[in-house]
Amino acid sequence: MISRIIKDENVRRLSHLLADATRIAVICHVGPDGDAVGSSLALASVLGRLGKDVRCIIPDPASALLMQLPGAKELVDAARHPDFARTLLRDADLIFCLDFNEPKRVDRMADALLAATAPKVMIDHHENPSDFATVAISHPDMAATCYVLFRVLCRLELLPYIDSTAATLLLAGILTDTGGLSYNSSDPELFVVVAELLRHGADKNRLYKLLFNTVSESAMRLNAYAIDRKLEVDTDMGAALITLSRGELNRYHYSKGDTEALVNKPLAIPGVVYSCFMREEERYIKISMRSQGDFPVNEICAEHFGGGGHINAAGGEFHGTLEEAADAFRALMAENKKKYILKK
Ligand code: 5GP
Ligand code: MN
């Protein structure tokens with residue numbers, strides 16, 4: 001049905017590790033998105049049906065919308081229950097690391113993850129994975145961790161254990177990381193997998209509504225304000241920038257996930273090649289970048305904002321004021337143009 005991409009050696013090793021494991025912990029990256037939550041809960045669902053005792057840890061809370069995914073209430077939020085999350089990692093006999101490529105992406109849980117003695121299985125699609133896992137199944141060419149995970153489950157002959165709930169969760173990750181199959185989704189086999197998930201009962205309509213067409217009134221107004229009042233566009237530089245301070249976020253009763261889609265919007269303006277959104281958090285400025293074509297926002301985020309990600313979607317952090325962060329971005333625009341836009 002689909003080509004065999006997951007290495008035989010990894011399938012064999014993972015299969016042995018699973019056979020020996022009873023208590024399994026699953027952990028994903030901080031700021032969990034639909035791919036992180038979807039892959040974690042889908043894996044837990046499948047392994048649960050195999051009789052394994054599985055718990056999923058999120059380093060910090062997921063958005064209220066993601067919390068409506070099936071099984072999300074069972075997620076252990078390490079921000080609220082740090083000791084319990086640490087115990088789960090310590091006592092597990094197998095740990096899955098989903099949708100991240102280096103321990104620091106689990107933020108406050110990084111030390112506990114590294115200290116845990118259980119074998120670690122990484123399943124991920126971010127470039128340049130660090131060498132921390134016992135088995136590393138890393139496919140940066142694939143659109144979503146959920147897509148990689150589906151292939152892994154196929155190879156483990158666990159397809160019959162994917163029920164409608166697991167199928168919905170896997171599709172949630174694929175839809176999240178491709179903007180509803182709009183970008184990063186030209187691989188024909190991705191659609192074969194989507195078809196298979198639909199065959200297994202994935203609730204596509206509910207997912208589109210939940211992931212792309214549900215927004216609170218205050219969030220809608222916050223996004224409108226950000227675009228109307230805070231958007232800076234420099235088509236000569238191919239760049240767009242939006243910043244939101246704590247005060248502005250509070251005015252619109254910001255809650256997690258409310259600005260998820262904002263950074264994509266300026267890319268619709270002709271001449272905008274890449275877009276940056278900066279949100280003032282309590283401890284740092286959260287940076288999100290998106291681009292089109294071969295403009296590598298992951299390089300910019302890695303070089304200047306201590307982060308990373310994919311060529312067209314990346315993020316990072318800035319330690320300083322929001323204005324300093326914005327100035328740092330503006331100061332990079334000419335260099336970015338020379339390096340990534342004019343080079344062609
Ligand atoms: P977002 O802008 O939605 O937070 O993140 C977009 C992409 O960049 C995601 O694939 C995410 O994994 C990655 N990313 C976001 N923030 C960071 C960060 O601080 N460090 C790294 N390494 N990747 C990030
Ligand atoms: Mn992902």
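Indexing begins at 1, ligand by ligand and atom by atom, following the structure's order. Quick caveat, the model's predicted, so the values are computed rather than measured.
- Seen from the ring of Y225, R251 counts as a face-on cation partner, given the 6.0 Å and 45° thresholds.
- Within the listing of ligand 1, atoms 10 (O) sit less than 4.0 angstrom from a heavy atom of H310.
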Can you give the donor-acceptor pairs under 3.5 Å from side chains of residues 53-61 to other protein atoms, not counting sequence neighbours?
from	atom 1	to	atom 2	distance (Å)
D60	OD1	G31	N	2.7
D60	OD2	K256	NZ	3.0

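- Relative orientation of the F132 and F100 rings is parallel, given thresholds of 30° and 60° on the angle between their planes.
- Relative to atom 24 (C) of ligand 1, the option among G308, G307, C276, C301 with the closest non-hydrogen atom is G308.
- Shown here are the side-chain hydrogen bond (donor to acceptor under 3.5 Å, both in side chains) partners of E317, two or more places apart in sequence or in another chain: H319.
- When A302, A313, G306, S288 are ranked by how near their heavy atoms come to atom 2 (O) of ligand 1, first place goes to S288.
- Summary of contacts: the protein heavy atom closest to atom 4 (O) of ligand 1 is K286 NZ, 3.4 Å.
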- Task: Step by step, work out the salt bridge (Lys or Arg N to Asp or Glu O under 4.0 Å) result for R246 and E248.
- Result: CA-CA 5 Å; R246 276 323 308 163; E248 290 167 324; over 6 Å; no

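- Proximity of D99 to I123: side-chain heavy atoms (C-beta onward) are nowhere separated by under 4.5 Å.
- Ligand 1 is never approached by E317 to a heavy-atom distance shorter than 4.0 Å.
- For atom 19 (O) of ligand 1, the closest non-hydrogen atom on the protein side is G316 CA, 3.5 Å.
- For the residues R290, E260, E127, H126, the heavy atom positioned nearest atom 12 (O) of ligand 1 is part of H126.
- Here the closest non-hydrogen pair linking C146 and L170 is CB-O, 3.2 Å.
- Summarising the geometry, atom NZ belonging to K204 is positioned 7.0 Å from atom CG belonging to L198; distances are rounded to the nearest 0.5 Å.
- For E282, the side-chain hydrogen bond (donor to acceptor under 3.5 Å, both in side chains) criterion is met by no residue, not counting sequence neighbours.
- Of the protein's non-hydrogen atoms, the one nearest atom 18 (C) of ligand 1 is R105 NH1, 3.4 Å.
- Here the Mn ion (ligand 2) has protein N, O or S atoms under 2.8 Å from it, and they come to 4.
- The backbone N or O of P140 sits nowhere less than 3.5 Å from a side-chain atom of E127 that would complete a donor-acceptor pair.
- Using a 4.0 Å cutoff on heavy atoms, A314 counts as a contact of ligand 1.
- Atoms of ligand 1 lying under 4.0 Å from at least one heavy atom of G309, given by number and element, are 8 (O), 13 (C), 23 (N).
- In this structure, F277 has its ring center no closer than 6.0 Å to that of F329.
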